[in-house]
There are 2 protein chains.
Amino acid sequence: MRKKIYVHVADDHKILIEGIIAVINTDKDIEINDYSLTGKEVIDWFDKKGNKADVLILDITMPILDGFEVLKHFNKNNIKQNVIILSSYDDIKIVQEMLSLGCKGYITKNNAGEHIVNAIKAVAKGEQYFSNDIQSILLKSFAGQHVPNGDAPDNFLKETLTERELEVLKLISKQYNSPEIADKLSLGISTVDSHRKNLLRKLKVKNSVGLAIYAVKNKII
Amino acid sequence: MRKKIYVHVADDHKILIEGIIAVINTDKDIEINDYSLTGKEVIDWFDKKGNKADVLILDITMPILDGFEVLKHFNKNNIKQNVIILSSYDDIKIVQEMLSLGCKGYITKNNAGEHIVNAIKAVAKGEQYFSNDIQSILLKSFAGQHVPNGDAPDNFLKETLTERELEVLKLISKQYNSPEIADKLSLGISTVDSHRKNLLRKLKVKNSVGLAIYAVKNKII
DNA sequence: AGGCTTCTCCCCATTTATGGGGAGAAGAAA
DNA sequence: TTTCTTCTCCCCATAAATGGGGAGAAGCCT
């Protein structure tokens, strides 16, 4: 008898967890350890002594703490944990961000059923695993980096935003105007406008609409 | 032997459909007929001769056509169909909108597992069914109490946009300003500004940032 | 014929946003 | 110490967006 693979599932929709359990139960080598409904529950579970799982299935969008924060917490506390991201997002930037945060697998919810068992077994053995669509966009982005020019394209050279700028960007994306942002952050209006100017310049966009779209696409809000 | 209840499930996440099937399979009186991943698939399925289901489990957020559009299509074509909404939103306005569109049940994804079988059986008998949390907010609203806003985005119950408004919205989301949009569409600036005003009102957003975020989230751009 | 929506454009006014420049204080890093 | 970044705030000015109102023309539906 082979050693069982113990799995922890984290998603804010319980019915989806039930679905994953149903699919996984068709395989005798895998067993669900426990589950979490928020990122904070995940962190608390793994912080508790004696709790460990061979594989963590992790959704990105969860209340309280999201998937990004969970992985950052693992890295900060030097916790080695095999993680498979189960997400509805197939955006290259998100996939790359998750990979840089150390996830071992990434499958989309669209075709999770056919991939989840194989993904768990691969990641439990220390391999990587990506569903077809993710493989596809990863290959494309890989090919896209070898542009004939040799120089990195502009969008790879984004200037990093400061903490204050990020705060202002978040509030802009929530449809607050400068006086309101100044009030919320206890700043002068002219200060907020200075941050606006720097944001427009750094992110190479034309107006607040460009800032908001950047924020949405980069999951800043 | 009792007559079986045939159920059609529509949700854009296949893993969730698999979960529902797993839960429903525990009951011998209910059988899954077929499933759909988009609103368009639902409509096409029910339009096909010979296809019918006793109960339709319907998600609200789906690509191509959402749950609202599916119910509107049923009403317009005088199709009598028992529908249970399965949603992650527990916002009173959405529940009321769905009821006015003729849905017979409404359960949230948070506790779908414990309710879905009973909901199907009740609705198949012509009764109504709501999960606890939905019952609670419905009772409050009937009693005339103030019901706090739910978790749905403000712009969920959108007024339908005209073709022209959609054109303007797309260009706004591409960071063009009013003079530029007027030029591209061969309109006067004041006309573009009129469309802007109507967009802000219809989509219940505060400024162009809100418009852009609406456009991104609804895949208009 | 009357009502309806859509599209077009105008008036008014105020508030915001953008674009250019500069500058001081605090703190970190060299 | 000097240099650098970050954060703060100011000046100037113009462009753009918002908010209120109205109104004519064209087309559709009943």
Side-chain angles (χ1 to χ4, degrees), chain A residues 154 157-216 218 220-221, chain B residues 68-69 72-73 75-78 97 100 153-155 157-216 218 220-221:
Chain A
D154 275 356
L157 301 172
K158 280 195 197 91
E159 291 189 59
T160 53
L161 304 183
T162 66
E163 278 303 310
R164 221 18 163 192
E165 285 162 356
L166 267 177
E167 287 184 279
V168 173
L169 176 57
K170 283 181 191 174
L171 293 173
I172 290 172
S173 305
K174 287 178 182 169
Q175 304 180 51
Y176 294 112
N177 59 31
S178 293
E180 288 166 338
I181 294 170
D183 189 56
K184 279 185 181 290
L185 299 180
S186 300
L187 295 174
I189 295 174
S190 55
T191 304
V192 175
D193 283 334
S194 290
H195 289 311
R196 285 189 107 108
K197 284 183 236 181
N198 291 329
L199 283 166
L200 293 176
R201 177 179 47 76
K202 283 187 174 183
L203 298 180
K204 297 180 174 58
V205 295
K206 193 180 170 188
N207 52 30
S208 298
V209 166
L211 294 179
I213 289 175
Y214 173 88
V216 172
N218 289 275
I220 288 169
I221 56 164
Chain B
F68 292 104
E69 300 300 326
K72 282 176 192 166
H73 175 264
N75 289 329
K76 186 181 283 179
N77 297 70
N78 223 30
E97 172 77 6
S100 77
D154 287 341
N155 54 9
L157 292 173
K158 53 183 192 282
E159 289 187 58
T160 52
L161 304 183
T162 67
E163 278 303 311
R164 216 31 158 182
E165 285 162 355
L166 266 177
E167 287 184 280
V168 173
L169 176 56
K170 284 181 193 176
L171 293 174
I172 289 173
S173 304
K174 287 179 181 166
Q175 305 181 49
Y176 294 112
N177 59 31
S178 292
E180 288 166 340
I181 294 171
D183 189 54
K184 279 185 182 288
L185 300 180
S186 300
L187 295 174
I189 296 175
S190 55
T191 305
V192 175
D193 283 335
S194 290
H195 290 311
R196 284 189 108 107
K197 285 183 231 180
N198 291 329
L199 283 166
L200 292 176
R201 178 180 47 76
K202 283 187 173 182
L203 298 181
K204 297 180 175 60
V205 295
K206 193 181 170 189
N207 52 30
S208 298
V209 165
L211 294 179
I213 290 175
Y214 172 89
V216 172
N218 289 275
I220 288 169
I221 54 166

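The chains referred to below are lettered A, B, ... by the order of the sequence lines, with proteins before strands, and numbering in each begins at 1. Just so it is clear, the model here is predicted, and its values are computed rather than measured.
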Peer 1: Just to verify, what does B/R196 make a side chain to side chain donor-acceptor pair (under 3.5 Å) with, not counting sequence neighbours?
Peer 2: B/S178, B/S208
Peer 1: Can you list, by residue number, the residues of residues 181-195 of chain A that have a non-hydrogen atom closer than 4.0 angstrom to DNA chain C?
Peer 2: A/D193
Peer 1: A/N177 has an atom CG; how far is it from atom C1' of C/dT15, in whole Å?
Peer 2: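 So the two atoms are 9 Å apart, to the nearest Å.
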Peer 1: Can you pull the contact range of chain A along DNA chain D, 5' to 3', using atoms under 4.0 angstrom from its heavy atoms?
Peer 2: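 Answer, 5' to 3': D/dT6 to D/dC10.
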Peer 1: Take the protein atom CG of A/L199 and the nucleotide atom C1' of C/dT18, then report the distance between them rounded to whole Å.
Peer 2: 13 Å
Peer 1: Please enumerate all residues that pass side-chain contact (heavy atoms from CB on, under 4.5 Å) together with B/Q175, with sequence neighbours excluded.
Peer 2: A/V205, A/K206, A/N207, A/V209
Peer 1: Five pairs at each end of the helix from C/dA1-D/dT30 to C/dA30-D/dT1: take the axis at both ends and give me the angle between them to 10°.
Peer 2: 50°
Peer 1: How far does OG of B/S194 sit from CD1 of B/I189, to the nearest 0.5 angstrom?
Peer 2: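 The CD1 atom of B/I189 is 12.0 Å from OG of B/S194, to the nearest 0.5 Å.
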Peer 1: Evaluate A/T191 against A/L185 for side-chain contact (heavy atoms from CB on, under 4.5 Å), listing each step before the verdict.
Peer 2: CA-CA 10 Å; A/T191 304; A/L185 299 180; over 6 Å; no
Peer 1: Taking salt bridge (charged side-chain N to carboxylate O under 4.0 Å, His left out) as the definition, give me every residue that meets it alongside A/K170, ordered by chain and number, with sequence neighbours left out.
Peer 2: none
Peer 1: Please confirm whether the shortest side-chain N or O distance from B/S208 to OP1 or OP2 of C/dT16 is below 4.0 Å.
Peer 2: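 So the side-chain polar atoms of B/S208 never come under 4.0 Å of the phosphate oxygens OP1 or OP2 of C/dT16.
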Peer 1: Without decimals, in angstroms, what is the distance between B/L166 CG and C/dT6 C1'?
Peer 2: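 The distance from CG of B/L166 to C1' of C/dT6 comes to 13 Å, rounded to the nearest Å.
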Peer 1: By side-chain contact (heavy atoms from CB on, under 4.5 Å), which residues pair with B/E165, not counting sequence neighbours?
Peer 2: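 Listed in chain order: B/L161, B/T162, B/H195, B/N198, B/L199, B/K202.
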Peer 1: With sequence neighbours left out, what residues match B/K184 under salt bridge (charged side-chain N to carboxylate O under 4.0 Å, His left out)?
Peer 2: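 B/K184 satisfies salt bridge (charged side-chain N to carboxylate O under 4.0 Å, His left out) with no other residue.
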Peer 1: Given atom CD1 of A/I172 and atom P of C/dT16, what is their separation to the nearest angstrom?
Peer 2: 14 Å
Peer 1: Mapping B/R164 and B/N207 onto DNA chain C by nearest heavy atom, which one lands closer to the 5' end?
Peer 2: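 Nearest-nucleotide comparison on DNA chain C picks B/R164.
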Peer 1: Might you work through the side-chain contact (heavy atoms from CB on, under 4.5 Å) test for B/I181 and B/I172, ending with a clear yes or no?
Peer 2: CA-CA 8 Å; B/I181 294 171; B/I172 289 173; 3.6 Å; yes
Peer 1: Would a distance-only check, ignoring hydrogens and angles, find a side-chain to backbone donor-acceptor pair under 3.5 Å from B/S173 to B/L169?
Peer 2: yes
Peer 1: How many whole angstroms separate atom CG of A/N198 from atom P of C/dA17?
Peer 2: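 In whole Å, C/dA17 P lies 16 Å from A/N198 CG.
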